[in-house]
Amino acid sequence: TALLIAANTKAVNLLRDMEYNGAETMLITAIQIVDEFVLSRLARIDIDDDSVDSEVPPASACPVPIYVGLTSPPNEPGTFHIYGKAFLVTPFENEDGSPAAFPEENYTPSESLCTLFSCILNYNLGLCRHLASLSSANGIYQIVSMEAYLRALGYIYPWPTEPSYLLLELALLNNSCQVHYQRQDPAEIQATRMRMAQNLRANPLAIGDNGLTGEDIPFFRQNLENNDAEIRQPETQENTYSNP
């Protein structure tokens, strides 16, 4: 588990340095390790056991800014901005200050923690490829970034007691929608925007005074408000990106 956290942190640092190939390789390797953990657990547990989803992982998803480069005015109507933050895995602490995610040296992560790792690693992989598409104008990167975002969305489970998981889901939906804007897919844009809006309405406790604060929730809301009147395609790729 410590290896996965270190690999993800290293990949995020490479993203900050715009070393997209190195970050992509490290993230793919980490995802393969998580997949092996999941397969090994499935070989040992009852496949009918459905209790895993109720178990909150002993870690949070911590967003950290990544340089996006190209920017546009934050309130410009008709544009949809990329959420320019990657996520680190931050273990919760026990009462003695030790990380709760690692109770022993050879700790095998629980399925819920594997799920969180899968979400974060695939989101970061999607962001890596997304940023690569912006710097290279290579349409293939748009396709493979969406594949990673969709994999992460397939894993995510909205544990309501930990607001950072809601933030991770909103980041996934936001950046998926931004790719849909670039690919000019109005049906997917509308469906993704509706899901974002539903999440923002349906989780008032997570977004309240004891939950998500700062710039992130206003950023997502502004993205939706910029496009409420009608779904308009950006005129050029160069003026549709922003780092919140």
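Position 1 is the first residue of the sequence; numbering continues from there.
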Spatial distance of atom [atom1] ([X]) from atom [atom2] ([Y]) [nearest 0.5 Å]:
X      : Y      : atom1 : atom2 : result
Asp185 : Met146 : CG    : CE    : 8.5 Å
Leu167 : Asn199 : CG    : CG    : 11.5 Å
Ile33  : Leu4   : CD1   : CG    : 5.5 Å
Leu173 : Phe220 : CG    : CZ    : 9.0 Å
Glu147 : Arg151 : CD    : CZ    : 6.5 Å
Leu168 : Cys62  : CG    : SG    : 11.5 Å

Same cluster or not: are [X] and [Y] linked, directly or through other Ile, Leu, Val, Met, Phe, Trp or Tyr residues, by side-chain heavy atoms under 4.5 angstrom apart?
X      : Y      : answer
Ile82  : Ile217 : yes
Leu121 : Val89  : yes
Leu125 : Leu14  : no
Leu150 : Ile31  : yes
Tyr123 : Val64  : yes

Backbone N/O of Asn8 and side chain of Asn124: donor-acceptor pair under 3.5 Å: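 The answer is no, because no donor-acceptor pair under 3.5 Å joins these two groups.
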Could you check whether any side-chain N or O of Arg129 sits under 3.5 Å from a backbone N or O of Gln142, counting only pairs where one atom can act as donor and the other as acceptor?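 No, Arg129 side chain to Gln142 backbone: no donor-acceptor pair under 3.5 Å.
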For ring pair (Phe, Tyr, Trp, His ring centres under 6.0 Å), just list the numbers for Phe80 and His180, CA-CA rounded to whole Å, side-chain angles, deciding distance to a tenth of an Å, and then say yes or no. CA-CA 10 Å; Phe80 204 94; His180 292 318; 9.8 Å; no
Please give me the minimum heavy-atom distance between [X] and [Y], naming the atom from each residue.
X      : Y     : result
Cys114 : Val34 : O-CG1, 3.6 Å
Ala23  : Ala11 : CB-O, 3.6 Å
Ala30  : Ala7  : CB-CB, 4.3 Å

Taking only residues two or more places apart in sequence or in another chain, which ones pass salt bridge (Lys or Arg N to Asp or Glu O under 4.0 Å) with Arg195?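 Salt bridge (Lys or Arg N to Asp or Glu O under 4.0 Å) check on Arg195 returns Glu169.
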Quick check: do Asp216 and Lys85 have side-chain heavy atoms less than 4.5 Å from each other?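 A side-chain contact exists here, since the closest heavy-atom pair is under 4.5 Å.
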If we check side-chain contact (heavy atoms from CB on, under 4.5 Å) with Leu127, which of these qualifies: Asn122, Leu27, Asn175?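 Result: among Asn122, Leu27, Asn175, Asn175 is the only option passing the side-chain contact (heavy atoms from CB on, under 4.5 Å) with Leu127.
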Examine the side chains of Asn223 and Tyr83 and answer whether a donor and an acceptor come within less than 3.5 Å of each other.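 Side chains of Asn223 and Tyr83: no pair found under 3.5 Å.
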With a 3.5 Å cut-off and no angle check, do the side chains of His130 and Gln178 form a donor-acceptor pair?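 Yes, Gln178 and His130 have a side-chain donor paired with an acceptor closer than 3.5 Å.
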Evaluate the side-chain contact (heavy atoms from CB on, under 4.5 Å) criterion for residues Phe117 and Ile120: first the C-alpha distance (whole Å), next the side-chain angles of each, then the deciding distance (0.1 Å), finally the verdict. CA-CA 5 Å; Phe117 272 123; Ile120 289 177; 5.9 Å; no
Under the salt bridge (charged side-chain N to carboxylate O under 4.0 Å, His left out) definition, can you give me all pairs with a residue in residues 4-15, not counting sequence neighbours?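 Listed once each, the pairs would be none.
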Go through the steps for Ser135 and Tyr20 under the test side-chain contact (heavy atoms from CB on, under 4.5 Å), then give the verdict. CA-CA 10 Å; Ser135 64; Tyr20 301 130; 3.7 Å; yes
